[in-house]
Amino acid sequence: MGRNILQNKNLDLGIEERSAVSTGFISDRDILKKRSKKYLDLIAQLDHKTLTETKGMGELMKVIQEEFGTAELACLPLGIVAKCFLGHPYEVHILDLSCSQIIKHYKTNELMEPDFEKARTVAKHNAYALVEVYKDKLILIREDGTATKL
Amino acid sequence: MSQRIISYADLSIINSALRSIQSDMSGVNSELGTLNFKQDQLETELEKLAFSFADFVEADLKHKSLQLAETRQGNLKQDLQIRFGYYAEVRRMATGILQGVDSGVVGDDTLKFTTEEVMIKAPGYWLAPALVAIAAWIRNDRSTNEKALNEALKRDDYKTTLFFMLIMRRLGRNEAALKWLERYFMHQNPHHLDREFIIILEAVTTGVFPPSARQLMITNVKNWLDQLTQGDTFLNEQKMQWIRFFGAMGPLSNGKFPLLEKYSSNWNLLEQSLRAARTHHILDLHFKSIIAASADFSKSTKVQLDEILSLLVTNFDDEELPLQEQVRFNQLVIQMDGDKKAAQAIIDTERHIFNEQVDFLQLLTNASFNPELSGVTKVTQALAISISQPWLVEAYNIFTAQSRNNIPQTIELDIDNFKATTHNGSDENELIQKQETFYQHVLETELAKLAFPYAAVIIAVLICLGGIWAFTLSPVAGILGLGMGVVFIWNAVNTHKKAKKAIADNIEERKQKAKEVLRGCIAEAVDYRKEHTTEDNKAELVLQLLTSITPEDFSSVSKDTVRNII
């Protein structure tokens, strides 16, 4: 039988799996999730449905709250900008979610509030169904509901 | 009284003395001039000497460090020979044994004897017990094999694992290779992967390893991806790199819009935007070419695996590295004729290349961007792209959104100080109307600047009046004066008319030219928007392509392998 001369410890042949280094919080994942069809359809209807009635507005807000259900108040968009299909001279319209909760259509050369104005160029682009305006970012939503952060 | 005395005193002696001093002084002056000249000469000589001395010192230093490097290199080599000489022998033997095993011409006893001798001669080197293990395995000596294997693993777990994994694969012992592969994966940290990992990955995907290895890899890669994509940091880093990559792919300007280039004040923005839009087409071709490359690269992968094996066997061991590095440094010093700084610079870059360790996502990105530089084939590039696909699509979406957000809404024109904006050139008539008004205005202001020559006319009228008065003196003088006055008046008015006409002509000419330029610019604006929209729409095609990337496209060998990884 062989004797151990130089080694008196039992050799452990298993390798410890290296611990995972987690980078912590998840932020973009939630905000970039696919938007529901219901939400997209509703925003698309802003043009041809009169929402001045209380019922219409209430329903709209309900759907939006469902869409952003779990998000905290600070994570909600300031508003939504989308291309307006009312025809010339209207170009874009907004749904202000911050306090006034109004829908407003803007003409071609009419300036919007600065927060919304920065979303104008992309909102006009045909590839995007709508643009959610946040304090520090824009989220572009395609027709199929996929989101891109800008 | 005193003045008188001085005036009477004889000053001639003093005068002559002064004169002689003066001449002496001029003598001194000229001497000084010569001295100065000589001193300047001396200074330049001295400077020359100093320079050549500095050169000499430098050359001497270089020479000395060259000599020193030569001596040191000799010493270090000797040192290496004494301390690790057997390592080199083991390495030579390892290659020999592997070849011998392949051809089966070496007897078991010889193998046993030589490997065991090596074991004694090279203490601490992992390759020695590994060779003993192989020899024991060949002659079916299980207990020695296990003991030797334990020892090898204890000495260098990672290298032993890689060594046996590669050997088992070469010998086609699938189960053993799989076990070793499992162990190899356990060694890898997705945050710091070794350079050869991508080759192993490629080998597994292209089916060089047994099929069950794929399942193993899938599980591991999935775990890593979960680990690395937990937070945003790693992913965002990759996304940023991709976006930069997309941006850099943009084509150069092709001078298609010469008038806009010259007359549009926001041409830079317009050009940038068009460049970004044109990028989509290039990216489309780029990704298509990668996906289309579906040749069977498994042969080259096998060669690469063997290369890793031979590198593993022939490369220096970690223990030797400090000494080997010093030898290399001295070698470089000799090569650089004793220039230590240059040698240090070379060794720094070399070290950087070899110490490169990256996280798994970075490894994928490197392989996707530049397969040649990462030392992988197009198959691996496609594989890397298909694994990176989720965040690649996100990055592409961001790139597209950014470029769309930066599309200038107006084309600003500045033609001969006439400033106008147009969106897409559809308002041609209005613009031309505006330009007309602009030149009307210019004409008015220019004409207003041209004052009527009142002074000349008044003088001429006065001459006329003088002429009328002169009638009382002499009718001839009267007629003469009156005539002169009338001629003066006519002349002044005529000159004024000519000047007016010249201005009007000049502005009319400017207007005609500007009108042509404006029409040209508008035509280009229409083309610009048209081309921009066409190019921009290609983004949707690229997006479709990227979303549709499935790993089936990139490997003829493994149709359904990596699909499951994602």
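Letters go in sequence order (proteins before strands), and every chain restarts at 1.
Ring centroids of B:W242 and B:F246 are separated by less than 6.0 Å, placing the two rings close together.
The environment of A:E110 atom CD is dense: over 12 non-hydrogen atoms of other residues, nucleotides or ligands sit within 6.0 angstrom.
For B:T400 (side chain) and B:Y396 (main-chain N/O), a donor-acceptor pair under 3.5 Å exists by modelled atom type.
With a 4.5 Å cut-off on non-hydrogen atoms, A:R142 touches chain B through its side chain but not through its backbone. Neither the backbone nor the side chain of B:N406 has a heavy atom closer than 4.5 Å to any heavy atom of chain A. Looking at A:K124, the atoms closer than 4.5 Å to chain B (heavy atoms on both sides) all sit in the side chain, from C-beta outward. B:L543 touches chain A through its side chain: at least one heavy atom from C-beta onward sits under 4.5 Å away, while N, CA, C and O do not. Only the side chain of B:Q409 comes within contact range of chain A, with at least one heavy atom under 4.5 Å from a heavy atom of that chain.
With respect to the salt-bridge test (charged N to carboxylate O, under 4.0 angstrom), the residues B:R142 and B:E146 qualify.
Both tests do not hold together for B:K159 against B:F163: distance to the six-membered ring centre under 6.0 Å, angle to the ring axis within 45°.
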